[in-house]
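Quick caveat: nothing in here was measured; it's all calculated off a predicted structure. The residues of the chain are indexed from 1 along the displayed sequence.
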Amino acid sequence: MKFPVLAALASQILAVSAGTILWDGRFNDLSASTDLNNWSWGNQVGPYQYYIHGASAVTAYVNLSADFKNPADAGSKQGAKITLDKTAYWNGQTMRRTELIPQTTAAIATGKVFYHFSLMRKAVNAPATTREHQIAFFESHFTELKAGWLSGAAGIEDPLLRWCIGGQTQWSTNWDAGVWHNVAYEIDFSAGTVGFWHSTGGDALTQTVAPVKASTSSNGADWHVGVLELPRDGYADANEDYYWSGVYIESGSLTTSVSGPGAPAGGSSSSSSSAAASSSTSSVKSSTSTTLVTSTTKAVTTSSSSTTTTSTSTKAQTTSSTTTSAAPAATTTASGCTAARYAQCGGNGFSGCTTCASGSTCKYSNDWYSQCL
């Protein structure tokens with residue numbers, strides 16, 4: 001009768017030892033979303049920078065609850081609901097935006113790292129399928145999720161959730177209500193590649209797209225946990241809710257268990273026992289999502305004195321469609337690099353591209369942020 005307990009404990013040990021957390025954004029350190037107000041440029045405290053949002057109170061845009069997290073995420077005591085409403089316009093822009101940015105000095109943009117998060121929508125306050133949404137993106141938009149109708153595309157609406165590199169779709173699936181999509185961006189800043197790990201519900205992450213060349217441009221703290229919605233004439237604003245869970249960045253080995261590494265202070269969630277049953281090492285299980293790549297997977301087993309790890313080696317033949325993106329990746333020209341439209345182009349401490357792509361100019365928002373518009 002003790003064997004199931006021992007197996008669960010072993011699984012939890014593997015989950016803890018899988019990688020090293022560089023930055024933890026799992027909302028465990030926040031008692032309520034109002035704690036985000038404690039952060040400012042002069043008082044940079046807490047796990048997140050909070051300044052890209054509308055003029056209403058923080059509770060109009062960000063709320064925390066145990067009901068908002070993936071039930072399989074034992075490492076989080078709560079999740080976040082990030083909202084776009086009719087007031088969600090930042091600094092007079094025409095785009096609706098609610099975004100959190102990691103508050104950290106850790107080396108989250110050096111070597112190979114994994115950016116983890118889980119994302120879900122509901123049928124109530126669903127993201128519009130008639131507008132482009134940029135989700136979990138970097139300033140240069142070298143990799144991101146997109147949802148809804150892509151700006152400039154044919155047709156009226158698009159039900160897909162996509163993973164993109166430089167604006168080009170590498171993977172997509174129907175974004176159905178109530179389904180948790182668990183994601184890890186495998187970013188090698190040294191090699192200039194990005195891979196995509198994905199699962200749904202409580203399933204362990206699997207490598208869906210092998211690393212692809214990308215312009216991995218980041219200043220180390222410009223990843224946006226949230227959403228930017230591009231405007232579109234003729235379509236009225238409606239409330240939209242995005243649910244987030246398991247947000248963290250790690251180095252070393254990839255934690256594939258959705259339960260995550262460790263448990264929140266004060267004990268694990270009620271779902272920890274079932275979540276711990278998920279493997280914390282790489283799996284060769286095929287993803288059930290609709291994908292725009294074909295791949296072959298080879299399992300290689302290695303042993304050490306403490307763990308046994310199964311890794312995947314995937315060769316992907318990209319068959320992505322050529323889509324039009326309003327925010328292509330930054331480019332390098334004879335005169336230096338060029339920031340994409342909607343990317344950051346200036347601000348105190350900013351070290352990225354300061355010349356904007358054709359058709360946009362670098363516009364000052366505050367001492368810490370200027371953007372190509």
Subject >> Shared hydrophobic cluster, Trp171 / Trp149 (ILVMFWY, side-chain heavy atoms < 4.5 Å) >> reply: no

Original post:
Is there a donor-acceptor pair closer than 3.5 Å between any side-chain N or O of Asn28 and the backbone N or O of Lys77?
Top reply: yes

Original post:
If you look at every heavy atom in Ala221 and Pro102, which pair is closest and at what distance?
Top reply: CB-O, 4.0 Å

**OP:** Return yes if a side-chain donor-acceptor contact under 3.5 Å exists between Glu250 and Thr255, otherwise no.
**Re:** yes

Subject >> Contacts of Asp67 that satisfy side-chain contact (heavy atoms from CB on, under 4.5 Å) - sequence neighbours left out >> reply: Ser65

Subject >> hydrophobic_cluster_shared for Phe138 and Val227, side chain cutoff 4.5 Å >> reply: yes

Original post:
Distance-only, no hydrogens or angles: does the Ser140 side chain make a donor-acceptor pair with backbone N or O of Ser217 under 3.5 Å?
Top reply: yes

Original post:
Taking the side chain as C-beta and beyond, is there a heavy-atom pair between Val194 and Val212 under 4.5 Å?
Top reply: no

Subject >> Side-chain donor-acceptor contact under 3.5 Å, Thr129 with Asp158 >> reply: no

Original post:
Do you know which of Asp29, Thr104, Ile101, Leu100 makes side-chain contact (heavy atoms from CB on, under 4.5 Å) with Tyr48?
Top reply: Leu100

Subject >> Polar side-chain atom of Ser245 near backbone of Gly79 as donor-acceptor pair, under 3.5 Å >> reply: no

Original post:
Does Leu64 share a hydrophobic cluster with Trp180, counting links as ILVMFWY side-chain heavy atoms below 4.5 Å and allowing steps through other members?
Top reply: no

Subject >> Donor on one side chain, acceptor on other, Asn43 and Asn38, under 3.5 Å >> reply: no

Original post:
Does some side-chain heavy atom of Ile52 sit less than 4.5 Å from a side-chain heavy atom of Thr98?
Top reply: no

Original post:
Any side-chain donor paired with an acceptor under 3.5 Å for His198 and Gln207?
Top reply: no

**OP:** Applying side-chain contact (heavy atoms from CB on, under 4.5 Å), name anything that partners Ala177, two or more places apart in sequence or on another chain.
**Re:** Arg121, Ala123

Original post:
If we only count heavy atoms from C-beta on, is the Trp223 to Val247 side-chain gap below 4.5 Å?
Top reply: yes

Original post:
Can you hop from Leu373 to Leu228 via hydrophobic side chains spaced under 4.5 Å?
Top reply: yes

Original post:
Do Thr216 and Ile187 come close enough that some side-chain heavy atom pair is under 4.5 Å?
Top reply: yes

Original post:
Does any non-hydrogen side-chain atom of Thr59 lie less than 4.5 Å from one of Thr34?
Top reply: yes

**OP:** Please report the C-alpha distance between Glu240 and His133 in whole Å, then the side-chain angles of each, then the deciding distance to 0.1 Å, and finally whether the side chain to side chain contact (heavy atoms under 4.5 Å, CB included) criterion is met.
**Re:** CA-CA 11 Å; Glu240 299 179 357; His133 301 86; 2.9 Å; yes

Original post:
Can you tell me if Asn91 and Tyr364 form a side-chain donor-acceptor pair at under 3.5 Å?
Top reply: no

Original post:
How would you list, by chain and number, every residue that makes a side-chain contact (heavy atoms from CB on, under 4.5 Å) with Ser56, sequence neighbours excluded?
Top reply: Ala60, Tyr61, Thr87

**OP:** For residues Trp163 and Phe196, establish whether the separation of their ring centroids is below 6.0 Å.
**Re:** yes

**OP:** State whether a side-chain donor-acceptor pair under 3.5 Å links Ser118 with Asn182.
**Re:** yes

Original post:
With distance as the sole test, does Glu144 use its side chain to make a donor-acceptor pair with the main-chain N or O of Gln134 at under 3.5 Å?
Top reply: no

Original post:
Hey, does the side chain of Tyr242 reach the backbone of Pro127 with a donor-acceptor pair shorter than 3.5 angstrom?
Top reply: no

Subject >> Pairing residues for Glu229 by the salt bridge (charged side-chain N to carboxylate O under 4.0 Å, His left out) criterion, not counting sequence neighbours >> reply: Arg96, Arg131

Original post:
Judged by modelled atom types alone, do His224 and Glu139 share a side-chain donor-acceptor pair under 3.5 Å?
Top reply: yes

Original post:
Excluding sequence neighbours, so at least two apart, what forms salt bridge (charged side-chain N to carboxylate O under 4.0 Å, His left out) with Asp35?
Top reply: none

Subject >> With Phe68 via ring-ring contact (aromatic ring centres under 6.0 Å, His included) - residues at least two apart >> reply: Tyr243

Original post:
What residues form a salt bridge (charged side-chain N to carboxylate O under 4.0 Å, His left out) with Asp85, not counting sequence neighbours?
Top reply: none

Original post:
Would a 4.5 Å heavy-atom cut-off, applied to side chains only, mark Cys353 and Thr338 as touching?
Top reply: no

Subject >> Hydrophobic cluster membership, Ile82 vs Leu36, 4.5 Å side-chain cutoff >> reply: yes

**OP:** Tell me yes or no: between the side chains of Trp39 and Gln103, is some donor less than 3.5 Å from an acceptor?
**Re:** yes

Subject >> Donor + acceptor pair across side chains of Trp197, Glu186 (<3.5 Å) >> reply: yes

Subject >> Student check: side-chain heavy atoms of Leu161 and Asn174 closer than 4.5 Å >> reply: no

**OP:** Quick one: do Cys362 and Cys356 satisfy disulfide (SG to SG under 2.5 Å)? Show the steps, please.
**Re:** CA-CA 6 Å; Cys362 191; Cys356 293; 4.6 Å; no

Original post:
Which heavy atom in Ser199 sits nearest to a heavy atom in Val258, and how many Å separate them?
Top reply: OG-CG2, 3.9 Å

**OP:** List the atom of Met95, the atom of Leu230, and the distance in Å for their closest heavy-atom pair.
**Re:** SD-CD2, 3.9 Å

Original post:
Does the side chain of Ser257 come under 3.5 Å of the side chain of Ser259 through a donor N or O and an acceptor N or O?
Top reply: yes

Subject >> Residues Ser218 and Asp222: side-chain donor-acceptor under 3.5 angstrom >> reply: yes

Original post:
With sequence neighbours excluded, what pairs up with Pro47 under the side-chain contact (heavy atoms from CB on, under 4.5 Å) test?
Top reply: Trp23, Leu30

Original post:
Taking only residues two or more places apart in sequence, or in another chain, which ones meet Arg97 in a salt bridge (charged side-chain N to carboxylate O under 4.0 Å, His left out)?
Top reply: Glu99

Subject >> Side-chain donor-acceptor pair present, Gln170, Gln168, cut-off under 3.5 Å >> reply: no

Original post:
Is there a side-chain contact between Val113 and Leu22 (heavy atoms, below 4.5 Å)?
Top reply: yes

Original post:
Can you name the residues that form a ring-ring contact (aromatic ring centres under 6.0 Å, His included) with His116, not counting sequence neighbours?
Top reply: Tyr248

Original post:
Would a distance-only check, ignoring hydrogens and angles, find a side-chain to backbone donor-acceptor pair under 3.5 Å from Asn70 to Gly201?
Top reply: yes

Original post:
Between Ser76 and Asp73, does any side-chain donor sit less than 3.5 Å from a side-chain acceptor?
Top reply: yes

**OP:** Just jot down the ring-ring contact (aromatic ring centres under 6.0 Å, His included) partners of Trp244, sequence neighbours excluded, or say none.
**Re:** Phe117

Original post:
Taking only residues two or more places apart in sequence or in another chain, which ones pass ring-ring contact (aromatic ring centres under 6.0 Å, His included) with Phe114?
Top reply: none

